[in-house]
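Chain identifiers are assigned alphabetically (A, B, ...) following the order of the sequence lines, protein sequences preceding nucleic acid strands; residue numbering begins at 1 within each chain.
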Amino acid sequence: MDIRNLLYRPTEAEKSAVDEVLGPPDSGWDGGSFGGLDGRVAYGGHAAREKRHMLLPALHAVQDAVGGVSRGALGYISDRLTVPPAEAYGVATFYALYGVDETGITTIHVCDDIICTQYGAEALCDSLDDALGSNGVRWERSPCLGQCDRAPAAMLHQPGKGYANAAPVDTRSVRAIGFDELDPGVVHQDRSELALLRRVGDVDPESLESYRASGGYETLSRAVDLGPMGVIEELERSNLRGRGGAAFPIGVKWRGVAEAPGPIKYVIANGDESEPGTFKDRLLMEGDPFAVVEAMTIYGFATGATHGYVYVRGEYPTAERRLTRAISQAREAGLLGADVAGSGFDFKLEVRRGAGAYICGEETALFASIEGHRGEPRQKPPFPTQHGLFGKPTGINNIETLLAALYALQIGGVPFSALGTEQSSGPKLFCVSGAVDRPGVYEVPFGATLGELLELSGAGKIGAVLLGGAAGSFVGPEAMSMPLTFEATRAAGATLGSGAVIVFDDDTDFGPVLARIARFFRDESCGQCVPCRIGTVRQEEALGRLSGGRPLGSRQEERKRLDDLARVMTDASICGLGQTAASAIQSAIRLGLPGAPQ
Amino acid sequence: MTTTDRQRVTISASVDGKTVELPEGSSVLDACRSAGVGLPTLCYGPTMTPASACRVCVVELEGSRALIPSCSRELEEGMEIRTGTDRAEHSRRLVLELLGSASELDRSEEQLAGWMTMAGARSERFGPPAVEAPRQPPSPGHHGSPELAAAATVYEPAKVEDELYVRDYSRCILCYRCVDACGVEHQNTFAIAVAGRGFDSRISTEFDFALPDSACVYCGNCIAVCPTGALVGKIEYDMREQGAWDESSQEITRTVCSYCGVGCNLDLHTQDNRIVKVTSPHDHDVTLGNLCIKGRFGWSYVGSGVDG
Ligand SMILES: Cc1cc2nc3c(=O)[nH]c(=O)nc-3n(C[C@H](O)[C@H](O)[C@H](O)COP(=O)(O)O)c2cc1C
Ligand code: SF4
Ligand code: SF4
Ligand code: SF4
Ligand code: FES
Ligand code: FES
């Protein structure tokens with residue numbers, strides 16, 4: 001590969017930020033000074049490809065140190081990793097959290113998504129230009145920040161310090177966001193009766209001892225006794241299905257990875273959680289990080305993977321920090337590393353940070369992101385269990401799925417399968433937000449009805465509920481008796497999706513809500529395939545014309561256009577983003593919600 | 001399997017009810033073609049690995065919820081493929097309409113107009129094309145309010161940066177062919193990549209530098225694979241802008257490049273006895289359509305003795 005290096009040089013601060021994550025350069029070929037044999041030997045090929053996965057960590061390092069990715073920094077990173085500058089630029093400009101070709105910027109990301117707007121986010125945004133002035137501080141609108149239980153939310157990024165969440169914020173407090181960490185969030189139910197949330201807010205998330213005192217790591221010992229196949233059979237008996245949206249049986253997936261040929265396999269915990277209205281995985285990662293580490297260790301043990309990743313959404317700095325700390329404590333205690341808990345099993349786990357891209361929650365886009373590429377999904381098949389991260393067999397599960405698996409192994413597969421319904425077993429987390437008295441994460445056995453869930457959280461007169469977030473669908477007040485199970489929602493033409501339950505009261509104008517959803521998909525499409533890249537643009541335009549009362553041609557023609565777009569996006573897109581980009585809007589139209597196009 | 005019994009395995013499947021048999025490793029597209037069904041393809045070029053990005057080749061597969069891209073899906077035993085269903089035709093038409101609503105396609109490969117007509121694609125139904133201000137630097141996750149009365153396009157002024165080659169990205173459909181040609185598939189130069197996200201994605205050098213300031217070596221192999229005329233030689237671009245480009249009057253003369261010993265075949269395209277473009281045949285087993293700067297652009301000496 002011919003690589004032409006950029007002529008811009010990094011500053012000392014940029015160089016040391018990069019060297020901190022990559023180590024010092026080996027030679028003149030990767031950004032060091034030329035000398036010795038460098039003129040006669042070159043590095044490339046395999047050695048170079050092996051470093052590319054460090055591209056996002058290196059970009060994060062300069063973004064955090066100096067508040068942007070300058071030409072010199074990008075050039076230095078390209079040299080260090082032997083990545084062509086055009087490609088590094090293509091990657092950096094894919095992710096919303098990198099400020100490319102700038103430095104020294106402090107950014108306040110203000111959520112203007114469909115829950116925060118119910119709590120005054122628009123008025124907050126309107127006040128910000130005056131409130132913030134300009135002195136190197138900029139504010140930007142952001143999609144859901146995963147803090148919807150305490151809306152409206154904001155996030156600060158400050159050079160030299162990194163990210164900090166704040167919620168709720170107002171015009172005054174948004175100017176003074178500090179770096180004190182927020183609590184994970186209130187658990188409104190009696191913890192002693194819960195399975196997945198029982199430790200959140202109870203154990204000290206920074207202490208392995210505290211986790212162990214509450215029964216932590218007993219399940220790993222049990223797993224080691226069961227052996228890899230024993231673990232998988234137990235999970236098969238549990239009937240546990242994935243909580244990340246696709247409801248795929250965990251036993252099938254784990255067995256698929258375990259039985260895939262080849263010595264190198266990976267396991268991944270998907271903590272990218274960017275579906276608007278979803279914050280359950282944040283609670284678990286922030287409040288119970290050791291459980292994620294324990295579950296991942298068992299995942300590796302059962303499937304034969306020796307390397308695992310936890311991919312955490314870039315907007316979740318507390319989760320990232322606590323998981324990193326939990327991993328290092330576990331390693332020191334011999335619960336990770338060469339000989340896990342004396343079992344002879346060798347397992348390495350590391351945290352990777354996303355950088356502002358909803359699409360990176362899609363499993364194949366997530367692989368691309370860890371590999372140091374743009375987060376573009378790829379066509380399946382081949383499926384990840386055969387051809388996943390770095391082309392190797394890979395198991396990937398949602399954070400909640402992993403904690404549910406830990407619970408299933410703790411109580412046994414058969415007792416787990418007896419919870420909930422036949423097709424939807426176990427406990428389930430729902431993120432209730434919007435027009436309710438007590439927004440938060442609720443744990444109920446599968447089968448509880450929507451009405452029962454909303455009673456727990458205290459809802460008033462309801463206009464509609466959006467199940468599953470932007471990629472989900474609206475249901476009306478008549479759905480209160482619907483059991484929240486995979487099968488019952490499917491039969492009703494809805495979905496549980498990510499577990500988001502967004503409540504709108506009965507005087508909501510859904511016009512702006514649908515417009516925000518259309519904008520979300522237009523912004524978050526990776527841009528790879530035509531139905532989604534252009535379809536999401538045309539959908540936003542047609543919707544805007546209809547709600548503004550200025551249709552192109554007749555209203556019927558405009559409606560036909562929207563329907564045609566929905567159909568091609570659903571039928572012909574590469575991945576689930578495009579396939580669901582019309583779902584919420586179409587459901588609002590079908591229900592005839594006020595403000596939806598008629 | 002030992003080497004002696006490694007005879008080619010045949011896969012049998014059905015296309016629109018007709019049984020087809022093809023060697024293992026064939027694509028669904030190959031199967032459709034062998035059943036006599038022509039399907040449009042845009043991101044899949046004959047010499048390249050399919051990107052599965054444009055979705056203009058989608059067909060229905062029994063048992064699959066979504067449509068599948070025929071170009072990249074490997075044929076499997078017993079597949080039941082349907083190409084002419086309402087669903088499949090609807091998606092292929094919409095993809096063509098959407099592409100035409102966002103990019104200028106009037107200088108595209110000849111077949112495209114035929115596919116558009118056959119599918120009954122009407123791009124104008126999405127509104128008159130918006131002509132936007134020069135492009136802003138990428139800002140993933142953010143975009144301005146839509147114009148509504150006009151359809152957003154990928155418009156940007158043509159990049160005329162040197163005497164050899166023009167990048168007219170208002171015609172780009174983001175098929176990834178040029179990126180793959182410049183990168184892993186052919187050239188291994190990696191001068192260009194996709195930058196930005198979503199509808200604002202563009203083919204770009206680092207920081208959108210002009211081509212002469214990038215890693216580009218002017219092999220023109222990206223021009224050779226671009227299906228829409230977004231990448232084009234400067235002479236062809238100028239002639240087209242002046243309305244002087246007339247493909248029907250052009251002659252193609254096959255010769256061998258005289259610069260080095262590799263022996264690349266050259267096709268000299270001449271109009272009014274003047275070379276207007278040089279290509280290499282895609283099916284040539286040495287070049288696969290690729291050349292270097294000398295073969296592709298180094299011919300201004302030809303004829304210099306004649307015209308003076
Ligand atoms: C656009 C898109 C975004 C997604 N985001 C997430 C996510 O943030 N977290 C997650 O666990 N799964 C997400 N998924 C689903 C994953 O692709 C994958 O199915 C899941 O991680 C598998 O885990 P599970 O089997 O435990 O559910 C997303 C899918 C799509 C199409
Ligand atoms: S459906 Fe959208 S997000 Fe998914 S691959 Fe296609 S363009 Fe990208
Ligand atoms: S001319 Fe050659 S080197 Fe330049 S961008 Fe095109 S393919 Fe790459
Ligand atoms: S410039 Fe041409 S080859 Fe490159 S992506 Fe655009 S249309 Fe395809
Ligand atoms: S944090 Fe604002 S909508 Fe979720
Ligand atoms: S030609 Fe098949 S997806 Fe583009």
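- Proximity to chain A is limited to the side chain of Arg73(B), based on heavy atoms less than 4.5 angstrom apart.
- Residues of residues 542-550 of chain A lying under 4.5 angstrom from chain B, judged on non-hydrogen atoms, are Gly544(A), Arg545(A), Arg550(A) in numerical order.
- Both the backbone and the side chain of Arg519(A) come within less than 4.5 Å of a heavy atom in chain B.
- For the set Ala88(A), Gly553(A), Pro381(A), the count of heavy-atom pairs under 4.5 angstrom toward chain B peaks at Pro381(A).
- Only the side chain of Pro146(B) comes within contact range of chain A, with at least one heavy atom under 4.5 Å from a heavy atom of that chain.
- Looking at heavy atoms from C-beta onward, Phe94(A) lies out of side-chain contact with Val194(B) at the 4.5 angstrom threshold.
- Interface check for chain B: of the options Glu541(A), Arg378(A), Arg567(A), the most heavy-atom pairs under 4.5 Å are formed by Arg567(A).
- Among residues two or more places apart in sequence or in another chain, the side chain to side chain donor-acceptor pair (under 3.5 Å) test is passed with Thr83(B) by Asp16(B).
- Most heavy-atom pairs under 4.5 Å with chain B, from the set Arg538(A), Gln379(A), Glu540(A): that is Arg538(A).
- Contacts of Tyr89(A) classified as side chain to side chain donor-acceptor pair (under 3.5 Å), with partners at least two apart in sequence or in another chain: none.
- At a heavy-atom cut-off of under 4.5 Å, chain A is reached by Ala53(B), Cys54(B), Arg55(B), Val58(B), Arg65(B), Ala66(B), Leu67(B) from residues 53-68 of chain B, listed in order of number.
- If you take OG1 on Thr93(A) and CZ on Arg197(B), they are separated by 10.0 Å, rounding to the nearest 0.5 Å.
- Taking the charged nitrogens against the carboxylate oxygens, Asp200(B) and Arg522(A) do have a contact shorter than 4.0 Å, which makes a salt bridge.
- Considering only heavy atoms from C-beta on, Glu97(B) stays 4.5 Å or farther from Val530(A) through its side chain.
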Residues Ser78(A), Glu206(B); criterion side chain to side chain contact (heavy atoms under 4.5 Å, CB included); working and verdict: CA-CA 11 Å; Ser78(A) 301; Glu206(B) 59 275 19; over 6 Å; no

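- Residue contact with chain A, scored on non-hydrogen atoms closer than 4.5 Å, involves the backbone of Ile192(B) exclusively.
- Here NE2 of His143(B) is found 5.0 Å from CG of Asp523(A). Values are rounded to the nearest 0.5 Å.
- Among the candidates Ala191(B), Ser145(B), Ala193(B), Gly198(B), the residue making the largest number of heavy-atom pairs closer than 4.5 Å to chain A is Gly198(B).
- With a 4.5 Å cut-off on non-hydrogen atoms, Gln579(A) touches chain B through its side chain but not through its backbone.
- Note on Ser101(B), Ala102(B), Ser204(B): by heavy-atom pairs under 4.5 Å with chain A, the leading option is Ser101(B).
- At most 12 heavy atoms of other shown residues, nucleotides or ligands fall within 6.0 angstrom of atom NZ in Lys294(B).
- Proximity to chain B is limited to the backbone of Tyr95(A), based on heavy atoms less than 4.5 angstrom apart.
- For the atom pair CZ of Arg87(B) and OG1 of Thr570(A), the computed distance is 9.5 Å after rounding to the nearest 0.5 Å.
- Residue Ala357(A) touches chain B through both its backbone and its side chain, counting heavy-atom pairs closer than 4.5 Å.
- For a residue to count as touching a neighbouring chain, one of its non-hydrogen atoms must lie under 4.5 Å from one of that chain's; by this rule Thr536(A) does not touch chain B.
- No other option in Glu87(A), Arg561(A), Glu558(A) has as many heavy-atom pairs under 4.5 Å with chain B as Arg561(A).
- When each of Ser72(B), Ala88(B), Gly196(B), Ser201(B) is scored by its heavy-atom pairs under 4.5 Å with chain A, the top score falls to Gly196(B).
- Of the candidates Leu552(A), Leu565(A), Ile534(A), Val537(A), Phe126(B) forms a side-chain contact (heavy atoms from CB on, under 4.5 Å) with just one, namely Leu565(A).
- For the set Glu140(A), Met569(A), Arg374(A), the entry with the most heavy-atom pairs within less than 4.5 Å of chain B is Arg374(A).
- Taking both residues in full, the closest heavy atoms of Val95(B) and Pro531(A) are given as CG2-CG, 4.1 Å, listed atom of the first, atom of the second, then distance.
- Heavy-atom pairs under 4.5 Å with chain B were tallied for Gly535(A), Ala86(A), Gly527(A); the largest tally goes to Ala86(A).
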